[in-house]
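Down below is the structure, laid out as structure tokens.
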Amino acid sequence: MSSVFMPVTASTQAVQTDHIYYVLLAFSVVIILLVTALIALFSIRYRRGSKAKRGALPPIMSKEFEIGWTSATLFLALFIFWWVSSSQLSALVAPKNALEIHVVAKQWMWKTQHSNGAREINELHVPIDTPVQLIMTSEDVIHSFFVPAFRMKKDVLPGRYTETWFRATKLGVFHLFCAEYCGSEHSRMTGRIVVVDKDAYARWLAAQPEGDDLAKEGETVFRARGCSGCHSETSKIHAPKLNGLYGRKVQLSDGRTVTADEAYLRDSMLMPRRDVAAGFEPIMPSYAGILTDGEIISLTAYIRSLSGNEENSQ
Ligand code: CUA
């Protein structure tokens, strides 16, 4: 539904968000009408010179009524808090089978990449009725990925991954905005989300220029940047091997345990001395400033592929 007040509603999250908005609006209208009506009523009834009774209230008014409306509003507020937070929190986690898209923001454009390696600039093609997970990072400053039709907005930060997801429910082209002031061309950092049906998406994906898929690309980077010198299966150097690493729990030398997820792999490339795996010397140099975000994404995809974690590839 689209109106003067609302952009078109084109995702499951948008329906839910609008629902919450309208219910809160309804509560507010009822309360405003009640309060204004009582103000009007009392100003007329108790105006100067009126003959209305002004003695003490009957006991039922000063006790039962008081307790009644206080607890009614308290429970109303608690209910709203529970309802809104539970629906918003459950919307944070992408379903397991979600299609994975990588987004890299920079001054001033959006670069998106599909799991088979297809890339787009200031555009993103997605299939309808399919959960789509966005894994986003920025090459420079903070940006924010904002799609009003999906009621979706998530900051995109340098040096860190943020995730969000959506399930489009309408075919069409929707606005993508940057919603965080990021420099002189911020207002022009826009794009288009193109929602097509599933067959059209498969055809579109197949028609993209032959690019290596992310994991393949990562394998090339792995050799070109010298990672393979220490981390390949055949290396004589005592460095953690990467087969089966992704998703596993890693024991660190300081006793902590972490899960080898995207953030851990990224940190290990850029800040290798922070989380040193138990049993290894902190000898790896930092690759900050050497690897681009695109290379980190493909390296991560490569490391994932070594764990047979490729359920999202097309
Ligand atoms: Cu990017 Cu504003």
Side-chain angles (χ1 to χ4, degrees), residues 2 5-14 17-18 21 88 91-94 98-115 117-126 131-168 170 172-196 204 208 211 214 217 261-263 265-267 269-271 287-301:
S2 166
F5 303 106
M6 284 285 189
V8 59
T9 306
S11 77
T12 46
Q13 180 61 27
T17 304
D18 286 6
Y21 174 78
Q88 296 285 305
L92 285 180
V93 186
L99 184 70
E100 218 178 271
I101 307 270
H102 285 270
V103 177
V104 177
K106 59 177 279 192
Q107 288 168 320
W108 289 273
M109 62 166 77
W110 298 101
K111 297 191 281 189
T112 58
Q113 187 163 23
H114 299 253
S115 49
R119 295 162 193 276
E120 301 181 75
I121 287 189
N122 291 338
E123 207 159 57
L124 175 61
H125 283 73
V126 290
V132 175
Q133 185 183 21
L134 303 177
I135 300 173
M136 308 190 286
T137 191
S138 163
E139 283 185 7
D140 36 47
V141 299
I142 302 177
H143 303 272
S144 188
F145 193 96
F146 179 34
V147 184
F150 296 167
R151 311 289 187 271
M152 185 186 83
K153 176 156 55 181
K154 186 83 181 180
D155 280 7
V156 182
L157 311 175
R160 207 159 120 179
Y161 287 112
T162 50
E163 292 176 16
T164 187
W165 74 282
F166 60 88
R167 186 199 294 266
K170 272 203 182 80
V173 178
F174 305 101
H175 288 296
L176 161 65
F177 294 112
C178 178
E180 182 70 51
Y181 181 66
C182 57
S184 56
E185 308 251 317
H186 154 73
S187 63
R188 295 169 66 185
M189 188 170 164
T190 57
R192 306 175 342 132
I193 311 285
V194 183
V195 180
V196 293
W204 175 87
Q208 291 313 295
L214 274 177
E217 217 175 85
D261 56 9
E262 316 238 336
L265 294 178
R266 183 192 173 90
D267 288 351
M269 293 175 214
L270 302 180
M271 298 174 279
Y287 279 78
I290 299 174
L291 295 173
T292 65
D293 281 296
E295 287 176 324
I296 294 172
I297 288 170
S298 35
L299 276 173
T300 308

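These values consider heavy atoms only, across backbone and side chains, with no hydrogens, waters or symmetry-generated copies. Numbering of ligands and ligand atoms starts at 1, following listing order.
For the side chain to side chain donor-acceptor pair (under 3.5 Å) condition, the pairs that include at least one residue of residues 179-196, sequence neighbours left out, are E123-R192.
Partner L134 forms a side-chain contact (heavy atoms from CB on, under 4.5 Å) with one of V126, V147, L124 and no other, that one being L124.
Atom 2 (Cu) of ligand 1 has C178 SG, E180 O, C182 SG, H186 ND1 as its protein N, O or S neighbours under 2.8 Å.
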Could you go through H143 and F145, starting from their C-alpha distance and side-chain angles, then the distance that decides it, and tell me whether this counts as ring-ring contact (aromatic ring centres under 6.0 Å, His included)? CA-CA 7 Å; H143 303 272; F145 193 96; over 10 Å; no

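In this structure, the side chains of I101 and V132 come closer than 4.5 Å at one or more pairs of heavy atoms.
Residues passing the ring-ring contact (aromatic ring centres under 6.0 Å, His included) test with H114, sequence neighbours excluded: Y201, W204. Residues passing the ring-ring contact (aromatic ring centres under 6.0 Å, His included) test with F146: none are found, sequence neighbours excluded.
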